[in-house]
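Treat the numbers as computed from the prediction; the structure is a model and nothing was measured. Heavy-atom basis, side chains included; hydrogens, waters and symmetry copies ignored. Throughout, protein chains are lettered first and strands after them, A, B, ... in sequence-line order, and every chain is numbered starting at 1.
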Amino acid sequence: MRIGYPCLNRGIGCSAGRTFRLASYSESRFIESVEKNLDCLQQILEYNVREGLLFFRISSDTIPFASHRVCDVDWTGRFSARFQRIGDSIKESGMRISMHPDQFTLINSLRPEVNTRSHAELIYHAMLLDAMGLDLDAKIQIHVGGVYNDKMRSIQRFVRNYRELAPEIKKRLVIENDERMYSLGDCMYIHERTGAPVLFDVFHHRCMQSEETTQKALHLASGTWTEADGVLMVDYSSQKPGEKRGRHAESIEPDEFTQFLNESAGVDFDLMLEIKDKEKSARVALDLAQSHGRIL
DNA sequence: AATGGTCAAGTCAGC
DNA sequence: GCTGACTTGACCATT
């Protein structure tokens, strides 16, 4: 099991996802931001290796406005040496990478222009991972999308549109169960019709109050990943006490996490901790996992 | 220099 | 029908 955290490191003092207002876009502003983001990304990755945190989600803001019309810089060419260097260090350290485009990215919209923009956004994510030369176990995770008052048709639209995606997207795209519309069961159904691996989100699963136990759910999701895809990816977070259902906690709850380790025994996966204090909780989780014999 | 409203993009729930 | 949540930082206009 590898353990990691998404996008930003709170202690290191730099951001790998700095961006700017569209209105102030310029080529020099763009290039400067990308350079700083890549500098910081390298620092974070070095930190992660030192700490034994070998799973990381790269921010979608790494290349600001990459899929927007305003951006006409050949960024893959311009930064190719940097991408390669970063990719080499990732592979050398045995690290796993994921990316998670945000809620604007969906392929089952009723509006064709939304799907078109999303396709461009997914291409950008695929280009970035390809530029780093990462294996097919580096994944891009999205949710299924909207329901539009007709879940079955919306699922069918997802499946139809999935089949039309560019191959460089399909080889990395995985779907994640969300907390109120598409359950693990829905994702499994879609997997059967598309082959897309299912990333399991423990917290979302709990929010949906689905019937499968964590153990059963992990087994199901795990079966959707091929050898080339790598082992199952799992997102983990916990409820912020006293807050609205679905709100992420400030830091990890050791007892709850220990319970999760027990429930998940026997399934191989990499774990992404979606908790606000980021690397701090990831290190706590790593210690707990090690003491439970889950990490060599 | 400090502040706080606002930021490319979508959908849904709740009022 | 409209606003806020999602999740979050930090840009940048304004003072």
Worksheet item: When we call it a touch if two heavy atoms are under 4.0 Å apart, what does A:Ser118 touch: a base, just sugar-phosphate, or nothing?
Response: nothing
Practice prompt. Look at all strands and tell whether A:Arg69 reaches a base, only sugar-phosphate, or nothing, counting heavy atoms closer than 4.0 Å.
Written response: nothing
Discussion item. Name the residue from A:Arg2, A:Lys280, A:Arg283, A:Lys278 that meets the salt bridge (Lys or Arg N to Asp or Glu O under 4.0 Å) definition with A:Glu51.
Written reply: A:Arg283
Parallel under 30°, tilted from 30 to 60°, perpendicular over 60°: which one fits the rings of [X] and [Y]?
X	Y	result
A:Tyr5	A:Phe56	perpendicular
A:Phe83	A:Trp75	perpendicular
A:Phe200	A:His205	perpendicular

Worksheet item: Given the P atoms of B:dA9 and C:dT3, what is the spacing between them in whole Å?
Response: 16 Å
Discussion item. Rounding to an integer number of angstrom, what distance separates B:dA8 and C:dA13 when you compare their P atoms?
Written reply: 12 Å
Worksheet item: Is the ring centre of A:Phe203 less than 6.0 Å from the ring centre of A:Tyr236?
Response: no
Worksheet item: Mind checking whether A:His68 and A:Arg117 have side chains closer than 4.5 Å, heavy atoms only?
Response: no
Worksheet item: Do A:Tyr182 and A:His143 come close enough that some side-chain heavy atom pair is under 4.5 Å?
Response: no
Starting at atom [atom1] of [X], determine the distance to atom [atom2] of [N], rounded to an integer number of angstrom.
X	N	atom1	atom2	answer
A:Asn9	C:dG9	CG	P	13 Å
A:Asp277	C:dG9	CG	C1'	16 Å
A:His100	C:dT7	NE2	C1'	11 Å
A:Asp201	C:dT7	CG	P	10 Å

Item to complete: Quick one: pull up NZ in A:Lys36 and OG1 in A:Thr62 and give me the separation to the nearest 0.5 Å.
Response: 15.5 Å
Worksheet item: Could you spell out the base pairing of DNA chain B in dot-bracket, with Watson-Crick or G-U pairs whose two distances are under 3.5 Å, [ ] crossing and | to another strand?
Response: |||||||..||||||
Practice prompt. Validate the cation-pi geometry between A:Arg193 and A:Tyr189: distance from NZ or CZ to the six-membered ring centre under 6.0 Å, angle to the ring axis within 45°.
Written response: yes
Worksheet item: For C:dC12, does either OP1 or OP2 sit under 4.0 Å from a side-chain N or O belonging to A:Arg29?
Response: yes
Worksheet entry | 5′-ward residue of the pair A:Lys278/A:Leu22 relative to DNA chain C | A:Lys278
Discussion item. Walk along nucleotides 9-15 of chain B from 5' to 3' and tag each nucleotide B, S or - by protein heavy-atom contact under 4.0 Å, base first, then sugar-phosphate.
Written reply: BBSSS--
